[in-house]
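Let me begin by presenting the structure, written as structure tokens, before commenting on it.
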Amino acid sequence: MAGKNSGDNRTRTSVSIFIIAGLCCFFYLLGAWQRSGFGKGDSIAVAVTKTVGENCDILPNLNFETRHAGEAGGTDESEEVEELKPCDPQYTDYTPCQDQKRAMTFPRENMNYRERHCPPQEEKLHCLIPAPKGYVTPFPWPKSRDYVPYANAPYKSLTVEKAIQNWVQYEGNVFRFPGGGTQFPQGADKYIDQLASVVPIENGTVRTALDTGCGVASWGAYLWKRNVIAMSFAPRDSHEAQVQFALERGVPAVIGVLGTIKMPYPSKAFDMAHCSRCLIPWGAADGILMMEVDRVLRPGGYWVLSGPPINWKVNFKAWQRPKEDLEEEQRKIEEAAKLLCWEKISEKGETAIWQKRKDSASCRSAQENSAARVCKPSDPDSVWYNKMEMCITPNNGNGGDESLKPFPERLYAVPPRIANGLVSGVSVAKYQEDSKKWKKHVSAYKKINKLLDTGRYRNIMDMNAGLGGFAAALHSPKFWVMNVMPTIAEKNTLGVVFERGLIGIYHDWCEAFSTYPRTYDLIHASGLFSLYKDKCEFEDILLEMDRILRPEGAVILRDNVDVLIKVKKIIGGMRWNFKLMDHEDGPLVPKKILVAVKQYWTLGDTNSTSSQ
């Protein structure tokens, strides 16, 4: 019996040794994996996991619902933070890079003073932009298309200036937008119907549009139901708050102007460009502004011009302009269009439509025999603060539209730039893998924030868009995404984003974005702070996020844990409620997710405290 027990003990001892040896091997391999770089930050990650709690899918203190007023609940974070104070009331609608006082110090020639002029580091504000007293969450779409709360943008000047043109009307405590415009006082719908008789708006061929000098963006607002997304822009000028109204309505728009600098969009981005009485001097300077539109217009795309000088023989008296001037203006436009290989396909009333030829070789000889100059081989997507060029961007060498699918098929089809091997390091397989990855990430986001699919968030921004995977995975008729391509990104893939039927813009996050305060409902950023950690201050980026985020708006950050810990310390003093959470694949993944909600507070509030 004793011999049997001794044998059992030896067996158990052998098994124990085997198990211990196996565990030692496992932890040795795990340690080697961490030291290799793939597990970097895991020790911090485990500590963060313990702080946040075991179940990271449940956010007991983070309320995504709209409440409009009152003190927001705190979070369970305990470290001391520096509280950022509210800015002076005069900065309620502050746009740092389009500040009116600064603008007036620059030359007026070619609209230079209306372009971006950002403050130097020592003049940047280090405070929180307050919402105006009485601010409320905008109406949900589609009601927001027609109504904007007066308290959110309390400017009545356009109701007087544009009264007979049906831009906007003041009714009690709201502005009402009847859908009219200078060239379509009877409404944008009827105007778009006229365009659709020539331009294939309804079948998905035209998906992305550019509205230059957009006013309150009614054209873009009414294109939405036809599955066309318009990027609208207008300067911050005497037409006070026009872009602010557009964004309050839930329409994509930025502050911008056609002046001396290239537009912040890639080449061959838009299926259609549009000017409705936009007051842009298209024929001036040998058509350089039309050359810039040509750069961003796809082969086969359309340019629509409504208003002067079209049909000047009939309208010169109503426009109160000499017919000789109008005749010369139209002659210059027609001449520039010919050099650009644009074919006029319609002129009816005060509206003319040109189509850019898909194959410009047929008219290349005409260009060579004229004063036109084809741009030298270079990157036509390198635009940030670069001057416009007096040359024609060639069609070849940067993607094309031959294999571009109609929308919505184009959303997940392989973009021509990738199919043709024009994006270094991004193969078809990597593109498809990226799309799959973002579907997984967005699925995780929807578990965290149940309001993502409800229409609560209309204006959404992705601060580091990559291939547009976040916007594509989230796609819905309830909202739109502004895909921002950082100018310092390793790969310039904004052209790919547009080829998916999405919209976006180039931007450097060391500077303020070209928009008004409180214009986005949800901001997403993946890897943004890692990208900028040696470029500019995190506080400046976070204050800009706070400026453009609406009260009770949401933020989703995905980044390395060491970076997010630094970010978390700053936002603790920003009147945001937040949680730092594990990656959806578990606590050992060094990337984490930080979700936040901006508290509701307005001018004069004293009862709202920052998250500690």
Side-chain angles (χ1 to χ4, degrees), residues 181 183-184 188-215 217-234 246 251-254 256 258 263 265-278 280 282 289-307 310 333 336-337 340-348 350-358 360 393 395 399-401 404-408 410-411 416 480 494-495 497-505:
Q183 286 302 124
F184 40 92
D189 255 341
K190 289 185 177 180
Y191 175 70
I192 293 170
D193 284 340
Q194 294 171 5
L195 300 182
S197 66
V198 180
V199 179
I201 288 174
E202 308 288 351
N203 64 4
T205 300
V206 170
R207 163 62 180 175
T208 55
L210 178 67
D211 194 8
T212 56
C214 64
S218 287
W219 187 70
Y222 282 82
L223 276 173
W224 181 262
K225 66 182 179 181
R226 303 177 194 235
N227 222 8
V228 175
I229 185 167
M231 172 70 82
S232 301
F233 72 80
V251 183
V254 292
L258 269 172
M263 290 186 286
Y265 313 113
S267 61
K268 303 180 185 177
F270 296 98
D271 300 309
M272 175 168 55
H274 174 258
C275 161
S276 173
R277 198 100 179 235
C278 61
I280 294 172
W282 295 112
L289 301 182
M290 291 176 66
M291 291 178 184
E292 177 60 4
V293 170
D294 181 75
R295 182 185 67 81
V296 301
L297 193 62
R298 285 206 181 100
Y302 301 86
W303 186 54
V304 179
L305 177 60
S306 292
I310 304 302
I333 290 173
L340 293 169
C341 298
W342 294 2
E343 181 183 358
K344 185 187 280 187
I345 58 175
S346 174
E347 182 172 330
K348 185 176 181 181
E350 297 177 19
T351 301
I353 303 174
W354 286 262
Q355 184 175 20
K356 180 178 178 177
R357 295 187 189 179
K358 291 186 178 181
S360 60
T393 304
N395 280 351
D401 72 326
L404 199 62
K405 304 293 183 183
F407 196 83
R410 147 183 342 183
L411 190 62
W480 55 272
L494 190 56
V497 171
F498 273 92
E499 287 179 344
R500 300 184 77 167
L502 305 168
I503 59 167
I505 193 169

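- Gly300 approaches Tyr302 most closely through the heavy-atom pair O-CE1, 3.5 Å.
- Residues Trp219 and Ser276 fail the side-chain proximity criterion, which asks for heavy atoms closer than 4.5 Å.
- Listed by chain and residue number, Trp141, Ala217, Ala221, Arg249 satisfy the side chain to side chain contact (heavy atoms under 4.5 Å, CB included) test with Val251 (two or more places apart in sequence, or in another chain).
- Smallest separation of non-hydrogen atoms from Trp282 and Cys275: NE1-SG, 3.4 Å.
- Glu499 and Arg410 are not joined by a salt bridge, as no carboxylate oxygen comes within less than 4.0 angstrom of a charged side-chain nitrogen.
- Separating the CD1 atom in Ile201 from the CZ atom in Arg226 is a distance of 6.5 Å, to the nearest 0.5 Å.
- In this structure, CZ in Arg298 is found 10.5 Å from NZ in Lys356, a value given to the nearest 0.5 Å.
- A salt bridge is absent between Asp271 and Arg207; no separation between the charged side-chain nitrogens and carboxylate oxygens falls under 4.0 Å.
- Taking the six-membered ring for Trp and thresholds of 30 and 60 degrees, Phe184 and Tyr191 have nearly parallel ring planes, at less than 30 degrees apart.
- Nearest approach of Val206 to Val199, heavy atoms of both residues: CG2-CG1, 3.8 Å.
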**OP:** Determine, stepwise, if the pair Phe233 / Thr212 fulfils side chain to side chain contact (heavy atoms under 4.5 Å, CB included).
**Re:** CA-CA 6 Å; Phe233 72 80; Thr212 56; 3.5 Å; yes

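- Closest heavy-atom contact between Ala269 and Thr208: O-OG1, 3.1 Å.
- Atom OH of Tyr222 and atom NZ of Lys190 lie 12.0 Å apart (nearest 0.5 Å).
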Point to revise | side chain to side chain contact (heavy atoms under 4.5 Å, CB included) assessment of Val296 paired with Phe498 | key: CA-CA 11 Å; Val296 301; Phe498 273 92; over 6 Å; no

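- Looking only at side-chain heavy atoms (C-beta outward), Tyr265 and Ile505 come within less than 4.5 Å of each other.
- Here the CD1 atom belonging to Ile280 is positioned 4.5 Å from the CG atom belonging to Leu258, to the nearest 0.5 angstrom.
- When all heavy atoms of Thr393 and Asp294 are compared, the closest pair comes out as O-OD2, 4.1 Å.
- Checking side-chain atoms of Thr351 against main-chain N and O of Gly307 turns up no donor-acceptor pair under 3.5 Å.
- Between Arg295 and Ser267, some side-chain heavy-atom pair lies under the 4.5 Å cut-off.
- Judged by distance alone, with hydrogens and angles left aside, the side-chain atoms of Glu292 form a donor-acceptor pair with the main-chain N or O of Met263 at under 3.5 Å.
- Leu210 CG to Ile503 CD1: the interatomic distance, rounded to the nearest 0.5 Å, is 10.0 Å.
- Of all non-hydrogen atoms in Pro406 and Thr205, the two that sit nearest each other are CB-N, 4.4 Å.
- A tilted orientation is assigned to the rings of Trp354 and Trp303, their planes being inclined by 30° to 60°.
- Note that the NZ atom of Lys348 and the CG atom of Leu195 stand 11.0 Å from one another [nearest 0.5 Å].
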